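Read the structure below first, then the notes.
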Amino acid sequence: MAGISVDQLREQVRGDVIAPGDGGYEDARTVYNAMIDRRPDVVVRAANAGDVIAAVNLARENGLDLAVRGGGHSVPGFGTCDGGVVIDLSGMRGVRVDPATRTARAEGGATWGDFNAATYAFGLATTGGIISTTGVAGLTLGGGIGYLARGFGLSCDNLVSADVVTADGRFLVASGTENDDLFWAIRGGGGNFGVVTSFEFRLHPVKDIYGGPMFFELDKAADILRFYRDFIQDAPEELGVFPAYQIAPPLPFIPEDRHGDTFIAMVACWAGPLDQGERALAPIHDVAPVVAEFVGPMPYPALNSAFDALVPPGLQHYWKANFVTELTDEAIDAHVQHGPKVPAVNSTMHIYPINGACHRVAADATAFAYREANFATVIAGMWPEPAENEANIAWVRDYYDATAPHSEEGGYINFMAGDDQERIKANYRGNYDRLVSVKRKYDPGNLFHLNQNIQP
Ligand SMILES: Cc1cc2nc3c(=O)[nH]c(=O)nc-3n(C[C@H](O)[C@H](O)[C@H](O)COP(=O)(O)OP(=O)(O)OC[C@H]3O[C@@H](n4cnc5c(N)ncnc54)[C@H](O)[C@@H]3O)c2cc1C
């Protein structure tokens, strides 16, 4: 090794340094998607920004691959590598809320569960994902789509500043006033520009919401998707709602004789005044007879964790994604044909709305380029048995092939598969060249390449 050794690193850092043969190595190398089976040379469980700097320097000086892990949810498994160094931020999950300025600072390994629990205590929230175990870091760096996006924009639109360790081991603040090119790039550009050790977010008054899932019969799917397409165009921005193809899990609110049947569901979150929730959801609720529902007032963090049990760690994952501007009748026909074939209770297809506040940010104001798209679709294949990989991957690919011709060329990078690297340029459209030049400035050697990579 040209630079320091792993043993020297153990002396330098406060957190754990875990190498093959050490206790806990199997756990330390494992990521959420069980399809990913990689063996890094060393995993650094950072305790602070200094540990991150030491690990970045170790990787760069020794010419080693470097993977960065926040919540570990990357479907292509970018949070681990064969050989090389993993920086695992799961020990850095603190969240500090400042109610006076309505901001919160989250460390680089916090999950949305950590974040929402901390902000809920103050009656505040910002846009995060729909599952509580997803990392704040990866989700925000790629954009960040969730229930609150129509009202408050993407997660990255709520970023005020970030602390970033760059490839040369420097610690930089990125904000509107400091290193603003870096700040621009990390709002949608993914993990390409450095390790973010903390994120400062703008918060909004959201505490308890009115919402939950409603299940409808499959033969109503076309009506529901057409209704959704039109309704969401000018629905109040306090309302987040998306359709989903979903096999009914064995939950008490679903009639027992319907467990295992496939439905089209609408999952809603009304973040306005609670007493207006029922009225706000009525058009969705009344679009067709509801077979089962779990809708009512609940804490926002409760909705954020309501579906966690459907997606435990250790499933096989294969996903595909597209942005959609017009949800045409042809696109809906393709959904109606492929959605009902969803092969596993964990798998799903969602069509998230990204209009409202997301549209009010210019396409070149942040790296996230698809600002006039109305929807982000994800075909999320998730299943327990490796023996079923072929059938499940085929469902995702067939569904994608049928819907892609009715979609934009680009797809949301956080929903894309590892075999989608050739679509990265399309994802960033007119922002791509600027991203390349920021990459050249902050990471000319492409140390941060285990991601949806922007090559310098
Ligand atoms: C079950 C599930 C539900 C999801 N739901 C949503 C959703 O509702 N909305 C949505 O927008 N997305 C959603 N996603 C996609 C999610 O945004 C991506 O998987 C995202 O990459 C996860 O971030 P992470 O920190 O958990 O992942 P990781 O695997 O830890 O990291 C993923 C990427 O981010 C980079 N990265 C991670 N941490 C840092 C850091 N601190 N500094 C710099 N780079 C870092 C890594 O290099 C890697 O490229 C979901 C994914 C899953 C599996």
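The structure displayed is predicted, hence computed values, not measured ones. The chain is numbered in sequence order, starting from 1. Order of appearance sets the numbers: ligands from 1, and atoms from 1 within every ligand.
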Please confirm whether G70 comes within less than 3.5 Å of ligand 1 when only nitrogen or oxygen atoms on both sides are compared. yes
Could you list the atoms of ligand 1 found under 4.0 angstrom from a heavy atom of V196? 40 (C), 41 (N), 42 (N), 43 (C)
Should you measure from each heavy atom of G191, which atoms of ligand 1 turn up under 4.0 Å away? 44 (N)
Closer than 4.0 Å to some heavy atom of G108 - which atoms of ligand 1 meet that? 41 (N)
Ring-face cation of K320 near F415 (centre distance under 6.0 Å, axis angle within 45°): no
Do we get R187 above F368's six-membered ring, with its NZ or CZ under 6.0 Å from the centre and within 45° of the axis? no
Test item: side-chain donor near acceptor, N158 and H204, under 3.5 Å: yes
Proximal candidate to atom 51 (C) of ligand 1 [heavy atom criterion; set Y412, W112, F199, W319]: W319
State whether a side-chain donor-acceptor pair under 3.5 Å links Y442 with D181. yes
Walk me through whether L66 and L450 qualify under side chain to side chain contact (heavy atoms under 4.5 Å, CB included). CA-CA 7 Å; L66 176 62; L450 297 175; 5.9 Å; no
May I ask you to list the atoms of ligand 1 that are less than 4.0 angstrom from any heavy atom of I145? 7 (C), 8 (O), 9 (N), 10 (C), 11 (O)
Between D443 and H449, does any side-chain donor sit less than 3.5 Å from a side-chain acceptor? no
Nearest non-hydrogen atom to atom 10 (C) of ligand 1 belongs to which of L139, D163, I130? L139
For G135, is at least one N or O under 3.5 Å away from an N or O on ligand 1? yes
Which atoms of ligand 1 are found less than 4.0 Å from any heavy atom of S74? 19 (O), 27 (O), 28 (P), 29 (O), 32 (C)
Classify the side-chain pair R105/S198 by whether it contains a donor and acceptor separated by less than 3.5 Å. yes
Walk me through whether D419 and R397 qualify under side chain to side chain contact (heavy atoms under 4.5 Å, CB included). CA-CA 12 Å; D419 56 13; R397 288 196 172 139; 3.2 Å; yes
Carefully, step by step, assess D37 and R29 under the rule side chain to side chain contact (heavy atoms under 4.5 Å, CB included). CA-CA 8 Å; D37 179 22; R29 77 182 184 87; 2.7 Å; yes
Which of these, V324, I379, T377, sits in a side chain to side chain contact (heavy atoms under 4.5 Å, CB included) with T403? I379
Taking only non-hydrogen atoms of G129 and a 4.0 Å limit, the atoms of ligand 1 in range are 7 (C), 8 (O), 9 (N)
Do any nitrogen or oxygen atoms of H73 lie less than 3.5 angstrom from nitrogen or oxygen atoms of ligand 1? yes
Show the atoms of ligand 1 that are less than 4.0 angstrom away from any heavy atom in G71. 24 (P), 25 (O), 26 (O), 30 (O)
Residue selection (non-hydrogen contact nearest atom 1 (C) of ligand 1) among Y32, F448, F307, F193: Y32
Considering only heavy atoms of L450, which atoms of ligand 1 have at least one such atom less than 4.0 Å away? 47 (O), 49 (O)
Short N/O distance, under 3.5 Å, between N414 and ligand 1? yes
